[in-house]
Amino acid sequence: MIKKLFAAMVLMAFMAPAWASQCPMLMSEIDDALEDDAKVSQLSEDELARVKELREQGEQYHNDGDHAQSEEALNEAKEILGV
């Protein structure tokens with residue numbers, strides 16, 4: 001029983017950084033899409049401004065350690081971009 005509990009604790013310790021690593025991947029996907037003129041041209045000025053704002057917010061949340069909020073903002077930006 002103690003071995004299983006220890007194994008679960010070790011697994012959780014290694015999983016936390018894995019969850020956090022999704023934020024940089026999402027930011028990279030957004031950055032790549034923003035470099036794609038075809039994608040950007042389909043957005044209105046308001047949509048593009050919102051994507052950039054969400055991207056910045058996502059990075060700030062990530063840097064602050066709030067990865068759930070970061071992923072939420074970044075996924076919203078991806079949705080607007082159609083990525």
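Everything numeric here is computed off the predicted structure, so don't read it as measured data. As a basis for the values below, the full set of heavy atoms in this structure was taken, side chains included, without hydrogen atoms, waters or symmetry mates.
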Problem set entry | Point-to-point distance, once rounded to the nearest 0.5 Å, from CG of Asp64 to CD of Glu59 | 10.5 Å
Problem set entry | Minimal non-hydrogen separation, Ile80 against Leu43, with atom names | O-CD2, 3.5 Å
For this session: Report the distance from atom NE2 of His62 to atom CE of Met27, rounding to the nearest 0.5 Å.
Result: 4.5 Å
Problem set entry | Nearest heavy-atom neighbours spanning Gly58 and Ser70 | O-OG, 2.7 Å
Problem set entry | Considering all heavy atoms, the nearest Leu81-Ala33 contact | CD1-CB, 3.9 Å
Exercise. Hey, is Glu47 close enough to Arg50 for a salt bridge, meaning N to O under 4.0 Å?
Worked result: no
For this session: Find the distance between OH (Tyr61) and CD (Glu71) and round it off to the nearest 0.5 Å.
Result: 13.5 Å
For this session: Only counting residues at least two apart or in another chain, list the ones meeting salt bridge (Lys or Arg N to Asp or Glu O under 4.0 Å) with Glu79.
Result: none
Exercise. If you look only at pairs with a residue in residues 29-38, which of them pass as a side-chain hydrogen bond (donor to acceptor under 3.5 Å, both in side chains), with sequence neighbours excluded?
Worked result: Glu29-Lys78, Asp31-Arg55
Exercise. Of all heavy-atom pairs between Leu74 and Ile30, which one has the smallest distance, and what is that distance?
Worked result: O-CD1, 3.4 Å
For this session: Nearest 0.5 Å please: distance from the CG atom of Leu54 over to the CD atom of Glu72.
Result: 9.5 Å
For this session: To the nearest 0.5 Å, tell me how far Asp46 CG sits from Glu53 CD.
Result: 11.0 Å
